[in-house]
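Working notes, structure below.
All values derive from a computational prediction rather than experimental measurement. Counting convention: from 1, in listed order, for ligands and their atoms alike.
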Amino acid sequence: MLIGIDFGTTRTIVAGVDRGNYPVLTFLDTDGDAHEHFPSVVAWEDGRLVHGFEALAAARAGAPHLRSIKRLLGEPTTHPGTTVRIGEQELLLADVLTGYLGALREALPEGAGPAAVSVPAHAHGAQRFMTLEAFRRAGFEVVAMLNEPSAAGFEFTHRQPRSLSARRTRVVVYDLGGGTFDTSLVQADGTSHAVLGSVGVNRLGGDDFDEVLADVVLEAAGRTRAQLTGPQRDRLLDDCREAKERLTPQTRRMVVELPTADGAGEPVVVAVDAFYSAASDLVARSVSAMEPLVGSLDKDSTVAGIYLVGGGSGLPLVPRMIRERFGRRVHRSPYPAASTAIGLAIAADPDSGFTVSDRLSRGFGVFRERDAGAGVAFDPILTREHPIPEHGEIVVTRRYVAAHNLGWFRYVEHTSVDAVGEPRGDLVPYAEVIFPFDPALQGSDGAEETERLAAVPVERRAGGPLVEETYTIDAAGIVSVRIADLTTGYAREYGLGR
Ligand SMILES: Nc1ncnc2c1ncn2[C@@H]1O[C@H](COP(=O)(O)OP(=O)(O)OP(=O)(O)O)[C@@H](O)[C@H]1O
Ligand SMILES: [Mg+2]
């Protein structure tokens with residue numbers, strides 16, 4: 001069975017493809033109860049790693065654990081060598097993710113897969129690359145990797161095709177997850193979608209609402225966080241999360257268990273209004289992050305609606321505040337937590353008739369040494385509006401006469417460039433390539449070449465060779481480059497993900 005897997009910060013949700021239906025798959029917890037998610041938790045117990053519900057139970061019993069695999073993947077400095085500590089263990093983040101996805105695969109029904117998977121729209125290249133690698137190493141065949149909001153856009157147009165008209169062809173996807181907030185403008189023409197723009201906040205999600213509720217509970221009880229042990233804080237947050245998820249638009253009061261020293265709990269009653277007024281800042285932050293995309297919504301008649309997805313949109317405060325700001329065109333997914341997974345299953349289903357052309361949500365460019373190494377120039381290669389091809393590859397080619405004995409290229413991703421083309425905001429180092437323009441330096445020693453060339457001083461050279469760089473981007477948004485000296489025919493190919 002084809003599936004869609006939404007690997008989330010707090011929960012991983014899987015939907016299947018079943019003759020035109022896209023059911024959400026269930027997982028059993030340690031008591032044998034079924035849930036429509038697999039917790040994104042890893043714990044160290046009895047000398048081994050455990051995952052999902054087993055890890056959640058181990059964590060509750062005080063085992064060292066990690067709840068933030070995806071947040072760590074999203075850090076701008078994360079690369080394939082990044083390690084993480086779980087208790088005494090120092091492990092490669094990439095291995096932890098592979099182990100987690102392997103456990104997810106074991107927990108799926110026999111024969112589940114191949115899979116469409118997703119990453120946040122603002123994921124940098126290393127995150128895309130490491131996520132894809134981990135799925136493959138865990139034994140999944142990955143048929144597509146989409147940006148999460150594009151997947152949610154599929155779920156919207158599949159479910160509400162009538163909201164779209166010849167004039168109103170755009171949807172703003174508002175995705176409030178456990179740890180991240182993303183909003184994207186999706187162009188939906190018939191069954192073909194394109195993401196026109198996307199902004200994300202890497203540290204805004206449902207988890208933050210749990211933290212706010214915990215503070216409200218502590219204040220009502222006249223206690224402070226410092227008075228709780230680590231495991232007690234975790235239990236309080238778990239209980240806050242459960243109480244928050246039980247809220248309906250009619251709820252007035254909520255009860256949360258505050259852990260006490262004797263191992264029991266003290267029930268604390270708080271007014272829902274008190275929680276909402278403390279949490280409204282978080283929703284307001286999501287609204288201001290949306291402004292660049294929807295600033296002109298009041299006048300813009302091409303937008304069919306704002307679609308609220310992500311488990312965090314299940315909180316009644318969210319649709320209420322978004323409607324206060326944007327009015328009637330706000331719709332909430334009937335399955336906010338599963339919308340992305342369902343959209344991925346639709347994308348994996350060849351019979352659904354949907355296609356997507358995604359766009360890189362970050363620019364991609366290269367720093368080059370200039371003036372014999374005395375300066376650095378930045379060349380944008382792909383802009384953030386560049387489409388990601390649905391299948392196969394598209395190519396950007398550059399030709400120039402080399403002015404040095406060596407080309408030293410440092411590839412980076414950036415969130416934006418300023419007026420003079422210098423990258424601004426987050427920068428993600430991606431790969432470093434040293435290519436010999438001087439024929440005397442063009443050996444065939446493969447892996448050792450970089451080390452050998454790094455020792456050669458950069459010098460200006462007149463009458464250098466004609467060089468061609470060919471950039472290839474695949475359906476997962478991963479870029480590779482082939483650099484060729486067209487004079488001597490010497491050429492090398494470099495994958496820019498590793
Ligand atoms: N009914 C509900 N009401 C309020 N919040 C809910 C509800 N159901 C789930 N949530 C919250 O949604 C969040 C998880 O959402 P979701 O599963 O979309 O996130 P994720 O995919 O794990 O994270 P991310 O998208 O950031 O990677 C959690 O904070 C959870 O408490
Ligand atoms: Mg999500």
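- P120 has its side chain within reach of K70: a pair of non-hydrogen atoms, C-beta onward, lies under 4.5 Å apart.
- Closest protein heavy atom to atom 24 (P) of ligand 1: T9 OG1, 3.3 Å.
- Counting heavy atoms under 4.0 Å from ligand 1, residue R241 touches it through the side chain alone.
- Below 3.5 Å of separation, one finds an N or O of R11 facing an N or O of ligand 1.
- A donor-acceptor pair under 3.5 Å links the side-chain atoms of Q227 to the main chain of T224, judged by distance alone.
- Side-chain N or O atoms of T131 include one that pairs as donor or acceptor with a backbone N or O of Q127 at under 3.5 Å.
- Residue contact check for ligand 1: G312 places a non-hydrogen atom closer than 4.0 Å to it.
- Evaluated by nearest non-hydrogen atom to atom 18 (O) of ligand 1, the leading choice among A152, S339, A338, G311 is G311.
- Residues in residues 304-324 take part in these side chain to side chain donor-acceptor pair (under 3.5 Å) pairs, two or more places apart or across chains: E155-Y307, Y307-S333.
- The side chain to side chain contact (heavy atoms under 4.5 Å, CB included) test applied to N21 returns P23, not counting sequence neighbours.
- Proximity of K70 to ligand 1, defined as any heavy-atom pair under 4.0 Å, is confined to the side chain (atoms from C-beta onward).
- Considering only non-hydrogen protein atoms, atom 3 (N) of ligand 1 sits nearest to G314 C, 3.4 Å.
- Taking every non-hydrogen atom of T180 and a distance limit under 4.0 Å, the qualifying atoms of ligand 1 come out as 24 (P), 25 (O), 26 (O), 27 (O).
- Of all protein heavy atoms, the one closest to atom 14 (C) of ligand 1 is T10 OG1, 3.4 Å.
- Looking only at side-chain heavy atoms (C-beta outward), V50 and R48 come within less than 4.5 Å of each other.
- Looking only at protein heavy atoms, the nearest one to atom 25 (O) of ligand 1 is G177 CA, 3.5 Å.
- Ranking protein heavy atoms by distance to atom 4 (C) of ligand 1, first place goes to L315 N, 3.4 Å.
- A salt bridge links D238 with R241: the closest approach of a Lys/Arg side-chain nitrogen to an acidic carboxylate oxygen falls below 4.0 angstrom.
- Atom 19 (O) of ligand 1 has G178 N, 2.8 Å as its closest protein atom, hydrogens excluded (heavy atom only).
- Counting heavy atoms only, G8 comes closest to atom 21 (O) of ligand 1 of the residues P316, C240, G8.
- Residues D351 and R19 are not paired through a salt bridge, judged by the lack of any N-O separation under 4.0 Å between the basic side chain and the carboxylate.
- Nearest protein heavy-atom contact of atom 30 (C) of ligand 1 is E245 OE2, 3.1 Å.
- R11 and D6 are not joined by a salt bridge, as no carboxylate oxygen comes within less than 4.0 angstrom of a charged side-chain nitrogen.
- The aromatic ring centroids of H331 and Y174 lie 6.0 Å or more from each other.
- Per-residue contacts place G310 under 4.0 angstrom from the following atoms of ligand 1 (heavy atoms of the residue considered): 18 (O).
- The contact set between ligand 1 and G206, taken as ligand atoms under 4.0 Å from a residue heavy atom, comprises 29 (O).
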